[in-house]
Every structure is written in structure tokens, then in C-alpha cells.
Amino acid sequence: MQLMCDCVAVLGSRHGILFDPTARECRLLRFDRFTRMPRFGLRAGVVIAGEEFVFPLAGPEAGGSDFDFVDQRSTPTTVRFIGMHAASCCRVELIATTPFRPRDADFSTVPVIGLSLRVGRIPGIFRWKRRSLDLEQVEAFIELVPPADWQVDQAGPDAIDCRFSSVRAAVKQDFSDVWDTDDEAVAQHDRLVAIDGAATGRRLSQTVCFTAGRDDEEAGRLDVAWCTFSEPVFELHGTRRPFLYAERFAGLDAVCDWARAHFAELTRNTQAVDGICTDHDRGVAVDRMLAYTLHSWLANTWWVPGWFSVWEGSCYFHSTVDVEFTQSPFYLALWPELLELELDNWPDFSNPGTELLGEVGANTSYLSHDTGAHAEASRQYYSHDMAVEETANYLILACAAWARTGRDHLVRKHVATLRGYLRFLVAADSSGNGVPDRGVANTIDDASPAVQFGREQVYLAAKTLAAFVAGERIFTHLGDEGIVGLCRARAGMLREAIDSRGWLGDHYAVLLERGGTLINPWSGQQMECPEIPGWDAAHIYTVNGLVPLDMAGIDVGLDPEHLATDLRTATRRCCGTYGCSHSDYANENMAFHDSMLGLAGVAAAPGWTAMNLLRDVGAGYRGIDLTRMCERYWDWQSTTNTQEAKLFFETFGGNNLCFYPRGVAAWGLFDALGGVAIDRPAGLERSGATVPGSLRVPRLYDADWVAGTCRSIEA
């Protein structure tokens, strides 16, 4: 694979390393913005015949020669660099490892990153270059090249200490925008421990001996654990909370003791987890997207006792509801307990419906866009509500999580909230036709006005339909016939509106209305449009709101042939170099009002990769295999990250949503193609290939991640 920016990070613990070989540097992940991560060098390599050969992870001023050839590879739990020294046929592999194991919080949050140098010798010669050195031994080493404000010292025979300050950013109390922060220096104490080597100053090393007359793939190795322990920095409703791992570890010494005793488990876990995730026949682009999106998601996670949240990448909002909705295939397939933690906390960020709807919103409530920003969670910081979308999102996710797990404690605990949300979706329909037309600004905030804040959107109509179907299921279980009847009636109205007014023969329109009033949520400007530009465009969003219920086998009742045809038509019409744009209406034609410029400027065809992926999951459940699109998505990630550090870059064709978490929607592809549907309360559990032709995908939901075993779905 080409050399490009990538990272490893520990779930929820704010510990990670970003590798940027094209810039010959690394960055350390902690609490501050991604754009301000501390830069340092990592000299990792071998000494061959007195000369140091290193990977391109430190500047040339740090010294050392380049390997003759360097390869880079990525798996869900690792980032790997492979260096070749032609004259000796020495092969050196640097493996950075995170302890990620689905559904195992104790193991996955340990604040330890593994750094392993594996040294071996290939048989024969490398690329017709004469083998001129017959080595008896080499020295494998890892050495920090710190910035001037880091203090790095030897800490005993097998470790080095690293002391520095990180920055804890918090939104200013006189909030003007989320990037205007109060910064606080936070003292950090890290320790790099050699599991089987020795420390000398800033260097950890191990002698590797070769067996005469034999070429071993791995003759020896140097294993190093990069350990940390942080005091509380995350603030929830005004109170600082320790990281989850602090429940198990008293301090840095205890973390280092764990690393010495359990380092081999990192390797075993990599073999188990990566082995399950790569056992499929969908191609290398899918492998790369799964790994890369997981790495970026991990870099955004925060976990303290009673609270789990995910940053919205370069926006730094916590647990943005629409972003988490897009990520829900990942949670529902791998780790539903994480979604349950968010579902339990989101109701605290509800708003009375009267704030948006006036008196008609009495006895209703709706959900905020986010729960905080930077290192604190106390309220929404986004500049406007996405009331209908986020409220519907919660209802759908609550139903899907209950269905997949069979646990109903959350729907019982938050029953009053669920009622208020359903009543809000009714009240948001001012015309009485079932389709919400107030509070309809949505998450697609660089799209055309029709897509972004049109009054009667097919996207939100379909999502609201799914919310009422979810509400009917939940309140049937809870025994509230009044709410059940309300949900059933509203769902019927929405089905009729979507299929009778929205269907245009080969695709669903963006809007159910040709003309009308638009209100720009950014500026508050109102405009009357006899014909709204792009109202009848093909767009990729019709099925996106249905995916969590697809994973539970819950049908919302829309015409299945229409949905399948819409998917094919929109994919074809919207497809570009790196994926599909929001719709096939070109924004460059939107010159009649400056509110139509959007966040992307006058970008003709902006698109969001994760929304493409969510669409692909919905397509898989409808017998359409769009996994080949991953080749386009990967082209965008590699095109960007070979030039600059962006990690998962969500947006193409405009905008700058980078370091983004929600590409993990890709982790729903296996469930979709394998037809995995689990509805425990209904006694439904089925799987079977949904697409014609050869297929082999893992069934992730009930994998044994410790043993590394998993059922395959094959056709």
C-alpha cells in the first residue's frame, strides 16, 4: 500500500499515535484539536553493519538512512510499515497495535499502544540486487525524537519516561463559535516500556541474532508498550470525570505492570479480531475502508464511567445524533452496548417542543443535535437545531437496539421521552398530511437548499415513517394502545405521501412539493420559490433512515420495487470520481440567492463518503451489491492522506469534514450482504446472502472475539 497518514488509538482513553510518513513525522493524540496535536519523531529500525536504517517517521535531521523499499499496511487493530534492506535481505516490520476487542471494555480501554519491531530475512535476493551481506546479528531499536518542550529520560533498565503538557480545550462561556476555546495545560506522564529489550537514554533496543544458513521470517523482535495515565479532563454537566480505565488502574505504574504481564495478548488479539474481519471475499478496498474508518473512529472516542461519546471529527462536537445514527450499523453489528450508553444519555439533552413550534408543541419534546464540544458535555453547541431529524433518529435507534439485543430497560426507562418525541413529530406537520414541514433543517449542511432544508423532504419523510414504525413496535411492547394507534395512523399517511407524491417513475424526488417557502437555518432568511431548484432531482438519501430497522428485520412498508429502482437510479446519476454526490442537481446553478452557497461555497457536486456507505448498507439489504464503490471511497482517502494528515476525510467536492468518525458505517456491509436480521423480542433471527453470485462474509454480531472464531455466511 502507498505511504499515507494513519493512526492507532485506544478506545475512549485519548491515547493514540498518528503516523504521517509523507511528512516524516508522528503526532500524539490526547485532548486537543487534531490540528494541534504535538509533533514528534519516532526513529524505529535496525543497525546493519554499523549503519542505521529507519522508517520515514522522523525528519532527516534525526539521522539514519532509508530502507531500500517501504510498504505500509493496515488492519482494524494495527498500522504496519515494512522495510527492506536489499544487500542483506533483511526485512523489518514496525507494527503499532491498539487493544481493540469488540464488547470487551476492560481490554479495549487499557491506555497502552503496542510498538513491535519484527526482524527477519527473506530467502534469495531482493529485486535482482546482489546479496552482499551475510548478517550474524542486527540491533533493533525504537527511539523518541521529542520536541523541545518534552522531557524524555531513562526510567530504569527497560523504560524511558516522557513528560510534557497536552492542551485541554473547552468552549468559552461567552460562546461565539465552537472553535473559540479556553485552553488549559494538562501535565502528562507517559512511559515506554521494553518488554524484551533494554533502555539507553531515549532509546529502547534489542539484539536480534540470525541462524547461520537459515532465512527466518522472524528471527527476533523488540516489543515496546507506550503507556499513559491521565487525570480527569472530561467534564460532564460541570463535573470532571476520570477515564473509564481509572476504575482498574491506580496510576501509570499499574498500567505499565499490566503491559509487562499482558503484552502478548495484544498480538493474540490482533490475530483474532483481524482474522475475523478479513475473512470475506469483497476485496481489498473493503478491508482498507474497514480498517481506516475504525482507526479514525477510535481517535474520536471518549469513555468515562456512565458516559460514552464520540467527537464529530474536525467539528469536535460530542455524540452528534445524526453522526451516531450514520455509525449505528457499526454499533448494531459489533458493539450495541456502546449505542445503549448514548441512548441512555441523550434524553438529558431534550428540548420542549414549544421552543420551536410554540403552543402547538405543548407536551412534546425534541432532541438536540449534540451534547457538548471539546472536553465537556453540558448542552448543544451547534448553531441550529435539526429537530425532526434528530428526534426521529433517537426513536429508530432505540427500537433497533432493543430489537438486536432483546434488552428493553432503556425503552422502559425513557418511555416519557419517547412519547414526547413521537408527539413532536406529529406537531411538526402543520398541514395535516403526515409529513413534517417545521424543524426540518437536516444534517446535510453543504447540499442544495432542496436537500438541506426543503420543507417536505422525502429523506425526512422516510425517516419519520421509520420513527413511527419504531414507535408502534415499542409501545405495543409497553402496552400503550393510544400511542400505538397514533403511530399506525401516521405511518399510513407517510407511506401514502411518499409513494404517491414522491415517486417520479424511476426515482424518488428530493421534495414532495415543487414550490414553496424555504427558511435558511443559518441566516434565518425566508424565500418564496415558485419552483425550488432541484426538488425533483435523484438523491442518495431515501433508504438512509431505514438501515437500523433493516438490521432488525423491520419493514417500514414502502414499495420495495420503488426503493430498489431508486437506489439504482440515484447511484448511477449521482456517481462521480470518489463516490456519489448528495443529488444530481448541480449547486453551481444555485446563483439566485446567496443562502444557496452553503458551507462548501459553490461546489457543484459535494458528497459525503459515510452517507454513501450508509446508502450501500441499505442497498445490500435490498439485494444490490455496491461494495465496488469502496474503491472510489478509498481513492479519496489515499489521495488526500498521501498529501496531508486528514485521517477519514468525509467530504469530497467541497467542505472540510476530516478526522471524521462516521465512516464506520462500512461495518454494516457484511450484515447487509449476509441478510443478517435480528429481532429478539419478535423471535426473528435470520441470515442468508441477499445478492446473487459468490459471497462469503463474517457474521460479526455473535463472533467469539477472544477465540477468533466467527460463523461465515456463504453463497
Side-chain angles (χ1 to χ4, degrees), residues 7-18 28-34 36-37 98-100 102 104-113 166-171 178 181-184 186 188 228-249 255 293-321 323-324 327 330-331 335 337-346 348-349 368-382 647-648 659-662 664:
C7 80
V8 292
V10 178
L11 174 65
S13 300
R14 309 312 303 159
H15 182 33
I17 303 171
L18 181 145
L28 192 64
L29 172 74
R30 284 298 147 89
F31 325 117
D32 198 11
R33 307 176 197 182
F34 294 116
R36 303 193 306 194
M37 288 187 286
T98 178
F100 177 74
D104 186 341
D106 283 350
F107 183 74
S108 297
T109 59
V110 174
V112 171
I113 291 170
S166 183
V167 175
R168 177 191 183 274
V171 179
V178 77
T181 60
D182 284 321
D183 295 340
E184 171 189 340
V186 179
Q188 296 286 277
T228 192
F229 186 94
S230 295
E231 297 302 317
V233 294
F234 181 76
E235 191 170 287
L236 179 62
H237 298 304
T239 302
R240 294 276 177 102
R241 300 288 183 94
F243 286 104
L244 185 67
Y245 62 73
E247 293 185 328
R248 299 175 53 225
F249 299 106
V255 174
T293 59
L294 179 62
H295 296 175
S296 294
W297 177 83
L298 287 168
N300 280 278
T301 55
W302 294 71
W303 201 343
V304 302
W307 175 272
F308 171 80
S309 62
V310 184
W311 259 353
E312 191 189 337
S314 54
C315 301
Y316 307 107
F317 298 116
H318 278 282
S319 284
T320 299
V321 184
V323 172
E324 297 303 293
Q327 293 168 187
F330 170 79
Y331 299 125
W335 204 327
E337 292 80 6
L338 296 180
L339 178 58
E340 287 179 322
L341 284 169
E342 293 189 292
L343 287 166
D344 197 23
N345 284 303
W346 272 323
D348 292 342
F349 298 85
S368 291
H369 164 272
D370 60 78
T371 62
H374 294 288
E376 62 92 13
S378 60
R379 65 183 179 92
Q380 171 172 314
Y381 280 115
Y382 197 70
L647 292 184
F648 179 74
F659 297 96
Y660 231 63
R662 70 176 168 198
V664 288

Show the nearest heavy-atom pair for residues V112 and V10, with the distance to one decimal. O-CG2, 3.7 Å
Could you tell me which non-hydrogen atom of S319 sits nearest to which non-hydrogen atom of F308, and how far apart they are? OG-O, 3.9 Å
Contacts of type salt bridge (charged side-chain N to carboxylate O under 4.0 Å, His left out), residue E337, not counting sequence neighbours: R103, R407
Mind listing the closest non-hydrogen atom pair of P661 and V310 along with its distance? CB-CG1, 3.7 Å
Please list, chain by chain and in numerical order, all residues satisfying side chain to side chain contact (heavy atoms under 4.5 Å, CB included) with D344, sequence neighbours excluded. L410, K413, H414
Is the backbone of G313 close enough, under 3.5 Å, to the side chain of N300 for a donor and an acceptor to pair up by distance? yes
Using atom types as modelled and distance alone, determine if a side-chain donor or acceptor of R379 lies under 3.5 Å from a backbone N or O of D370. no
Given the side-chain rings of F349 and H237, with only the six-membered ring counted for Trp, is the space between their centroids under 6.0 Å? yes
Sidechain-backbone polar pair: Y381 side chain, H318 backbone, donor-acceptor under 3.5 Å: no
Heavy atoms of D32 and A169 approach each other most closely as OD1-CB, 4.1 Å
Interatomic distance, CD1@I113 vs CG@L28, rounded to 0.5 Å, equals 7.5 Å
Tell me, do T109 and E247 make a side-chain contact under 4.5 Å, heavy atoms counted? no
Main chain of H369, side chain of Q380: is a donor-acceptor contact present, judged purely on distance under 3.5 Å? yes
Identify, with sequence neighbours excluded, every residue that meets salt bridge (charged side-chain N to carboxylate O under 4.0 Å, His left out) alongside R241. none
Determine whether Y382 and T320 satisfy the following criterion, side chain to side chain contact (heavy atoms under 4.5 Å, CB included), listing intermediate values before the conclusion. CA-CA 9 Å; Y382 197 70; T320 299; over 6 Å; no
W311 and its ring-ring contact (aromatic ring centres under 6.0 Å, His included) partner, picked from W302, F659, F317: W302
What is the distance from atom NE2 of H295 to atom CG of L18, rounded to the nearest 0.5 Å? 11.5 Å
Dump the intermediate steps for side chain to side chain contact (heavy atoms under 4.5 Å, CB included) on L11 and W297, then the final yes or no. CA-CA 9 Å; L11 174 65; W297 177 83; 3.5 Å; yes
Does F234 form a side chain to side chain contact (heavy atoms under 4.5 Å, CB included) with R14? I'd like the steps, not just the answer. CA-CA 10 Å; F234 181 76; R14 309 312 303 159; over 6 Å; no
If you look at every heavy atom in V171 and A373, which pair is closest and at what distance? CG2-CB, 3.7 Å
Could you report the tightest heavy-atom contact between C7 and L647, atom names first, then the distance? SG-CD1, 3.8 Å
In this structure, is the centre-to-centre distance between the rings of F229 and F243 below 6.0 Å? no
Nearest 0.5 Å please: distance from the CH2 atom of W303 over to the OG atom of S13. 9.0 Å
Can you name the salt bridge (charged side-chain N to carboxylate O under 4.0 Å, His left out) partners of D104, sequence neighbours left out? R101
If I take atom OG1 from residue T293 and atom CD from residue Q327, how far apart are they, to the nearest 0.5 angstrom? 9.5 Å
So, taking the atom named CZ in F100 and the one named CG in L294, what distance separates them when rounded to the nearest 0.5 Å? 5.0 Å
Starting from the C-alpha separation in whole Å, work towards a yes-or-no answer on side chain to side chain contact (heavy atoms under 4.5 Å, CB included) for T371 and N345. CA-CA 9 Å; T371 62; N345 284 303; over 6 Å; no
W307 and S309: side chain donor to acceptor below 3.5 Å: yes
Just by distance, no angles: are the side chains of R33 and T181 close enough, under 3.5 Å, to form a donor-acceptor pair? yes
Qualifying residues under salt bridge (charged side-chain N to carboxylate O under 4.0 Å, His left out), relative to E184, sequence neighbours excluded: R168, R240
Output all residues satisfying side chain to side chain contact (heavy atoms under 4.5 Å, CB included) with S166, sequence neighbours left out; order by chain, then residue number. R30, F31, Q188
Pairwise distance CG(L341) to OH(Y331) - rounded to 0.5 angstrom: 10.0 Å
